[in-house]
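Contents: one structure, followed by commentary.
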Amino acid sequence: MYFLVFMDYLPEILVYTIPAILLCLSVYLILSPRVPRSWKKTTLRISGSALLMVTTLVSGVLFLGSLMIADPPREHLAFSSITGKRVALLSHSSLRDASNTKVTFTDTGCCNRYIAYEYQGDGDDYMGADSVKWIDDHHLVIRYALDPSSRQICRTQLSDVQILCRPQPTPTFDGNR
């Protein structure tokens, strides 16, 4: 399950990791240890300074962009198969006018991740704790609300797992709760 959560946050991690690595590289080029004073050291310092300026500019833009277009926090629900060999992870985030949902699962190996269901749309796909269920290690049932106006993908076969996609009617709410 930790691998699935890590892969879910990987794009956000890379936004901060890559500029940090480039910053370290530019500082190393500016200091240029073990290079005698010559045109080589001057060239390394100039290229390191240029890389530092570009990295600072790009990092600032990425940081401000991530503050302005911040994704809402993701909620995770884990579902284990009956034997415990496989884990499915339901990741959901929603804002006022949009939501994003994924169902991923791991293969029997350590580092395989498959995306069984994806939803990106204006509404809500009404998925919760009863939406994902393992029948056995090779059959996964996903229940979701059908939304034809949005991007909604449910795959039927990944690796050796057969996925049973069950569209549900959109729940209606009346005033008599």
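Here the structure is a predicted model, which is why all the values come from computation and not from measurement.
Rounding to the nearest 0.5 Å places OG of S91 at 8.5 Å from CG of L77. Note that CZ of R74 and CG of L89 are 9.0 Å apart. Values are rounded to the nearest 0.5 Å. Between the CG atom of L164 and the CZ atom of R166 there is a distance of 5.0 Å, given to the nearest 0.5 Å. Here T83 contributes atom OG1 and W134 contributes atom CH2; the two are 9.0 Å apart, rounded to the nearest 0.5 Å. Summarising the geometry, atom CG belonging to L22 is positioned 10.5 Å from atom OG1 belonging to T56; distances are rounded to the nearest 0.5 Å. From I30, atom CD1 reaches atom CG of L52 across 5.0 Å, with rounding to the nearest 0.5 Å.
A distance-only check finds a donor-acceptor pair linking the side chain of R86 to the backbone of D137 [under 3.5 Å]. Looking at Q152, its side chain does come within 3.5 Å of a backbone N or O of A145 through a donor-acceptor pair. Remark: side-chain polar atoms of R151 are not paired, donor with acceptor, to backbone N or O of Q120 under 3.5 angstrom. Under a 3.5 Å cut-off, the side chain of R155 and the backbone N or O of I115 do form a donor-acceptor pair. Distance alone, capped at 3.5 Å, is enough to place a donor-acceptor pair between the S26 side chain and the L23 backbone. E118 places no side-chain N or O within 3.5 Å of a backbone atom of K102 that could act as its donor or acceptor partner. S32 places no side-chain N or O within 3.5 Å of a backbone atom of Y28 that could act as its donor or acceptor partner. Distance alone, capped at 3.5 Å, is enough to place a donor-acceptor pair between the Q157 side chain and the S159 backbone.
Under a hydrophobic-cluster definition in which Ile, Leu, Val, Met, Phe, Trp and Tyr are linked whenever side-chain heavy atoms come within less than 4.5 Å, directly or via other members, Y114 and V141 are assigned to different clusters. Both L25 and V35 are assigned to one and the same hydrophobic cluster, defined by single-linkage of ILVMFWY side chains at heavy-atom distances under 4.5 Å.
The local environment of NZ in K41 is crowded, with over 12 non-hydrogen atoms from other residues, nucleotides or ligands closer than 6.0 Å.
The shortest heavy-atom contact between A116 and I142 is CB-CD1, 3.9 Å. Summarising the geometry of S150 relative to G121, their closest heavy-atom pair is OG-CA, 3.2 Å, with the distance given to 0.1 Å. Looking at every heavy atom in both residues, V87 comes nearest to S80 through CG2-OG, 4.1 Å.
Under the rule for a ring pair (Phe, Tyr, Trp, His ring centres under 6.0 Å), F79 has no partner lying at least two apart in sequence or in another chain. Applying the ring pair (Phe, Tyr, Trp, His ring centres under 6.0 Å) criterion to H76, with sequence neighbours excluded, gives Y9.
Cluster partners of V27, by chain and number: L31. The rule joins Ile, Leu, Val, Met, Phe, Trp and Tyr whenever side-chain heavy atoms lie under 4.5 Å apart.
Two residues are said to be in side-chain contact when any heavy atoms from C-beta on lie closer than 4.5 Å; S99 and H92 meet this criterion. Between M127 and L90, the closest side-chain pair of non-hydrogen atoms falls below 4.5 Å. Side chains of R143 and V132 form no contact here, defined as non-hydrogen atoms less than 4.5 Å apart.
Taking the six-membered ring for Trp, Y117 and Y144 have ring centres closer than 6.0 Å.
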Check the pair L140, I135 against side chain to side chain contact (heavy atoms under 4.5 Å, CB included), reporting the backbone distance first and the verdict last. CA-CA 6 Å; L140 178 66; I135 297 174; over 6 Å; no
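Judged purely by distance below 3.5 Å, without hydrogens or angles, the side chains of Y119 and D147 pair a donor atom with an acceptor atom.
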